[in-house]
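When a ligand or atom number is given, it counts from 1 through the structure's own listing order. In this text, all values refer to a predicted model and were calculated from it rather than measured experimentally.
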Amino acid sequence: MDGSLNGIELAGRLLLAPIAGYTDSPYRRIAARHGAGLTVTELISAEGIVRKNRNTTRLLEFHDGERPLAIQIFGKSAGVMAGAASIVEELGPDVIDINLGCPAPKVCGSGSGAALLLDPVSIREIVSAVVSAVSLPVTAKIRLGWDDKSRNYMDVVKAIEDSGARAVIVHGRTRAQKYGGLADWDAIREIRENCSLPVIGNGDISGHDEALARMESSGCQAVMIGRGALGNPWIFSGKTPSHGEIVSLIKEHLDMMLDFYGGKGIILFRKHMVKYIRDMRNASALRGLLMAAATRDEIISILDGSS
Ligand SMILES: Cc1cc2nc3c(=O)[nH]c(=O)nc-3n(C[C@H](O)[C@H](O)[C@H](O)COP(=O)(O)O)c2cc1C
């Protein structure tokens, strides 16, 4: 199922979640090609965008092959977020997503990301300011609250709803849970049942059928898959790849990394490589060999010898 979700044109209902350090331009292209209904950049600093910081600008690069694509921004100042959103709109993504869930101390410490969950008034200001600044659809990605004692998700969702966003993405954990414990899909369903906007559920999906079942049981219009999509873009189509198909995608991904990052693409690719090979025969021996390989040719010849 694809089509419009409250004005957001999706290519399918299983979407790629943002994972900092992984869902970069090469991986987004791969995910889109394998059927991801939307791809999302990692969180990008609104301050960095308005200051034209060089590292930040690099994170904003994308190719048409990643579409439909959301650029995710974070920050705590409504004015800076609006300014960043205008700059981002010029680049031509399909959606702007606002991060209201990052648990990292560096982000929360400055009052951004999940720290904003403690302050629905600021959320209202930020989302309204971004919506007013652009004509692109705006979404917001939240967690259930700061901790077990403040699961104020209905207040947060109301603030987002009132501010003109087109959809809410819900990772079913609190900030205090980080990535531990289990995502609370009952709470996601509760949000879905009480929210006038489309709800995109997220958390712990590790297979294609599971994604469809989660969508069905929660009533969510779409679901987002993060960790379960790393090394497994086939999760979007439900296809079971052969060993040869996995090897050939690893090689292609490696070349895309070298093309995008230059020489340091080899090192940056390692974390993807271990995900791709995790279910192969002799995975641990293979992993050792691949992690020690220093060149593209070495990696290719190790892969060609695998089975
Ligand atoms: C290493 C890592 C980096 C992440 N980076 C981001 C990010 O940049 N923006 C964001 O909204 N969520 C980020 N997330 C959260 C994921 O998008 C997702 O909400 C979470 O991992 C739960 O979904 P999953 O179980 O399908 O991975 C990150 C998660 C991990 C593990």
Side-chain angles (χ1 to χ4, degrees), residues 13-25 27-28 31 36-46 48-49 55-56 58-60 62 69-75 81 88 93 95-108 112-117 123 126-127 138-145 153 156 160 165 167-185 187-188 191 199-208 210-215 218 220 222-233 235-236 268 270-272 274-275:
R13 297 290 166 145
L14 309 191
L15 320 180
L16 177 67
I19 302 272
Y22 287 87
T23 60
D24 54 6
S25 175
Y27 195 65
R28 294 193 300 266
L38 178 78
T39 66
V40 190
T41 66
E42 70 178 69
L43 79 175
I44 305 179
S45 157
I49 293 170
N55 292 337
T56 306
R58 180 82 173 134
L59 293 174
L60 291 166
F62 65 89
L69 167 83
I71 291 184
Q72 186 186 69
I73 59 174
F74 76 95
M81 287 288 275
V88 166
V95 175
I96 294 180
D97 181 59
I98 299 174
N99 181 302
L100 299 173
C102 180
K106 216 172 81 184
V107 172
C108 288
S112 311
L116 285 164
L117 298 173
I123 290 182
I126 290 169
V127 180
V138 175
T139 57
K141 183 164 177 283
I142 69 168
R143 286 183 177 241
L144 297 176
Y153 46 86
V156 167
I160 294 167
V168 188
I169 304 161
V170 184
H171 174 197
R173 284 188 175 81
T174 62
R175 188 269 174 181
Q177 281 179 287
K178 306 227 174 82
Y179 299 97
L182 293 177
D184 180 352
W185 279 86
I188 295 175
I191 293 173
V199 175
I200 299 166
N202 166 243
D204 302 342
I205 294 174
S206 60
H208 181 81
E210 186 187 342
L212 299 180
R214 282 295 189 203
M215 195 154 56
S218 64
C220 287
V223 291
M224 213 170 232
I225 307 170
R227 290 166 296 177
L230 301 179
N232 183 18
I235 198 168
F236 297 108
L268 292 173
R270 286 183 175 162
K271 60 191 174 204
H272 288 282
V274 299
K275 305 282 185 196

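Distance CD1/Ile235 to OG/Ser206: 6.5 Å, rounded to 0.5 Å. In this structure, CG on Leu100 lies 7.5 Å from CD1 on Ile142, to the nearest 0.5 angstrom.
Only one option out of Ile200, Ile169, Val40 pairs with Lys141 in a side chain to side chain contact (heavy atoms under 4.5 Å, CB included); it is Ile169.
Scored by the side-chain hydrogen bond (donor to acceptor under 3.5 Å, both in side chains) test, Tyr27 finds no partners at all (sequence neighbours excluded). With sequence neighbours excluded, the residues that form a side-chain hydrogen bond (donor to acceptor under 3.5 Å, both in side chains) with Thr56 are Asn53.
Protein residues are said to neighbour a ligand when one of their heavy atoms lies under 4.0 Å from it; for ligand 1 these are Ala17, Pro18, Ile19, Ala20, Glu42, Leu43, Gln72, Asn99, Lys141, His171, Tyr179, Asn202, Gly203, Asp204, Ile225, Gly226, Arg227.
Every pair passing salt bridge (Lys or Arg N to Asp or Glu O under 4.0 Å) that includes a residue from residues 172-185 is listed here, sequence neighbours excluded: Arg151-Asp184, Arg173-Asp204.
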